[in-house]
Peer 1: 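Structure incoming, see below.
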Amino acid sequence: MTALDNELSDKPSSRTPASEHAPASEPFRLLLEINNALVRNLDLRELLAQVSGCIRRALQHDYSSLCLYDPLENQFTIHAVDFPQGAGAIRQELTFPPEDSPAGKAFFGREPLLVKRLDAQTFPSKITEMLIQDGIRSGCWLPLVGRERTLGTLNVCSFQEARFTPDDVALLSQVANQVAIAVDNALAFRQIAELKDKLAEEKSYLEDEIRSQYNFDEIVGESPALKQVLDQVRTVAATDSTVL
């Protein structure tokens, strides 16, 4: 496993964490809880909220987010964020370039990234500055490797320096594997829903076009059989096929 361990600063952290660091306990129970939460959610924001809540019961953290990568725009979008004590600069739908960011390094390297002390010299990007301004001092960035491509990153951070250990990274990597499957499914579901809506719009448009071209107002009748025949005629009227 590849990890980046920054040298610890002698200066104490500007914020005090809610509780002392405790190693993740009962990892199998945690993974089962996350799996049960993921299978019930196709919305990315609800998905992250469930995952973050499960992780927090085993591993104290102050910030988590789900970033997805757009290859056409070459940028990340924060699709979901859990940051109760944040100042609001880090928000949903925020976009940022991958260059020189922790998320970019984890994403393109396809390896978890452990940062014990976040600083703008190691990662000279705007998103790093925003995280530091909001008090983030350390974190783990984990790639979400889907079936066909790397989708983005799961990010878990803390106000405290050196908050996470290699064992924590190993546990979070297993969580990220589960999240990647759920995100892959959620994106596929979203594409299917968008395609379904598009087909419904096209069907409605074609029906309106047929009605405007083939007007049967002069045919008098209200029986269900006659209405069914007229609907069938409208359907086949635009074709050259012989219909009995």
Side-chain angles (χ1 to χ4, degrees), residues 1-8 21 23-24 27-28 30-31 34-35 38 44 47-48 51-52 54-55 58-71 73-82 90 94-132 136-158 160-187:
M1 177 181 297
T2 301
L4 175 65
D5 295 346
N6 299 93
E7 293 295 329
L8 302 183
H21 177 79
F28 293 109
L30 170 63
L31 295 174
I34 290 177
N35 181 71
L38 294 180
L44 294 180
L47 186 151
L48 178 71
V51 170
S52 184
C54 292
I55 295 175
L59 182 63
Q60 179 60 38
H61 65 280
D62 302 293
Y63 163 89
S64 64
S65 66
L66 182 65
C67 296
L68 298 185
Y69 178 70
D70 184 347
E73 299 293 335
N74 186 34
Q75 67 179 11
F76 284 111
T77 298
I78 299 179
H79 279 266
V81 61
D82 180 15
I90 307 296
L94 177 70
T95 61
F96 62 93
E99 289 78 16
D100 300 320
S101 69
K105 185 174 180 63
F107 177 85
F108 290 111
R110 293 169 65 94
E111 292 284 351
L113 177 68
L114 171 62
V115 179
K116 290 189 174 182
R117 182 179 182 275
L118 185 64
D119 66 87
Q121 291 183 344
T122 305
F123 300 102
S125 63
K126 183 64 176 179
I127 190 67
T128 301
E129 295 178 4
M130 297 172 70
L131 288 170
I132 293 175
I136 296 301
R137 296 293 178 263
S138 64
C140 302
W141 283 261
L142 307 115
L144 300 175
V145 182
R147 289 183 287 267
E148 298 180 354
R149 61 187 178 91
T150 306
L151 305 168
T153 61
L154 173 67
N155 318 305
V156 181
C157 301
S158 172
Q160 182 184 8
E161 293 182 3
R163 181 63 175 166
F164 306 101
T165 68
D167 288 341
D168 296 333
V169 177
L171 176 62
L172 291 173
S173 296
Q174 297 182 63
V175 173
N177 290 336
Q178 291 182 294
V179 172
I181 296 173
V183 170
D184 223 351
N185 293 336
L187 294 177

Peer 1: Report yes if the side chains of L118 and P102 come closer than 4.5 Å at any heavy-atom pair, otherwise no.
Peer 2: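 Yes - at least one pair of side-chain heavy atoms lies under 4.5 Å apart.
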Peer 1: Measure the CG-CG distance between L172 and D167 for me, rounded to the nearest 0.5 Å.
Peer 2: 11.0 Å
Peer 1: Are side-chain heavy atoms of F164 and H61 found at a separation under 4.5 Å?
Peer 2: yes
Peer 1: Between R137 and E161, is the closest basic N to carboxylate O distance under 4.0 Å?
Peer 2: no
Peer 1: Search all heavy atoms of V175 against all heavy atoms of I55 and return the closest pair with its distance.
Peer 2: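 Looking at all heavy atoms of both residues, the closest pair is CG1-CD1, 4.1 Å.
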Peer 1: Should the ring pair F107 and F76 be called parallel, tilted or perpendicular, given that the plane angle runs from 0 to 90° and is split at 30 and 60?
Peer 2: perpendicular
Peer 1: Could you tell me if the side chain of E99 sits less than 4.5 Å from the side chain of N74, heavy atoms only?
Peer 2: yes
Peer 1: Kindly determine whether T150 and R110 satisfy side chain to side chain donor-acceptor pair (under 3.5 Å), including the steps that lead there.
Peer 2: CA-CA 8 Å; T150 306; R110 293 169 65 94; 2.6 Å; yes
Peer 1: Could you give the distance from CG (L151) to CD (E148), rounded to the nearest 0.5 Å?
Peer 2: 9.5 Å
Peer 1: Check whether any side-chain heavy atom of I132 sits under 4.5 Å from a side-chain heavy atom of T128, and report yes or no.
Peer 2: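 Yes; the side chains approach each other to less than 4.5 Å.
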Peer 1: Is the closest side-chain heavy-atom distance between L154 and W141 below 4.5 Å?
Peer 2: no
Peer 1: Out of L94, I90, N155, L66, which one pairs with V81 under the side-chain contact (heavy atoms from CB on, under 4.5 Å) rule?
Peer 2: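 Among L94, I90, N155, L66, the one meeting side-chain contact (heavy atoms from CB on, under 4.5 Å) with V81 is I90.
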Peer 1: Check D184 against G146 and note the closest heavy-atom contact, atom names and distance.
Peer 2: OD2-CA, 3.6 Å
Peer 1: Quick check: do F123 and L113 have side-chain heavy atoms less than 4.5 Å from each other?
Peer 2: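 In contact.
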Peer 1: For residues V145 and A180, report the shortest heavy-atom separation together with the two atoms involved.
Peer 2: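 Nearest pair, atom of V145 first, then A180: O-CB, 3.5 Å.
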Peer 1: Between S173 and V169 (side chain of the first, backbone of the second, donor and acceptor by atom type, cut-off under 3.5 Å), is there such a pair?
Peer 2: yes
Peer 1: Would the distance check show the side chain of D168 and the main-chain N or O of L59 forming a donor-acceptor pair, the cut-off being under 3.5 Å?
Peer 2: no
Peer 1: Under the side-chain contact (heavy atoms from CB on, under 4.5 Å) rule, what do N185 and R147 come out as? Steps first, then yes or no, please.
Peer 2: CA-CA 10 Å; N185 293 336; R147 289 183 287 267; 3.4 Å; yes
Peer 1: Any idea which heavy atoms bring P143 and A176 closest together, and the distance?
Peer 2: O-CB, 4.0 Å
Peer 1: Are T95 and T77 side-chain neighbours, meaning at least one heavy-atom pair lies under 4.5 Å?
Peer 2: yes
Peer 1: A side-chain contact here means heavy atoms from C-beta on lying under 4.5 Å apart; do S138 and V115 qualify?
Peer 2: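 When only atoms from C-beta onward are counted, V115 and S138 do not touch, as no gap falls below 4.5 Å.
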Peer 1: As an exercise, state the distance from CG of L68 to CD of Q75, rounded to the nearest 0.5 Å.
Peer 2: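 It comes to 11.5 Å.
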Peer 1: Please check: side-chain N/O of S158 versus main-chain N/O of Q160, any donor-acceptor pairing under 3.5 Å?
Peer 2: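 A pair under 3.5 Å: yes.
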Peer 1: Can you name the nearest heavy-atom pair linking L142 to P112, along with the distance?
Peer 2: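 Closest approach of L142 to P112: CD2-CB, 4.1 Å.
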Peer 1: Does S125 reach the main-chain N or O of D100 with its side chain, forming a donor-acceptor pair under 3.5 Å?
Peer 2: yes
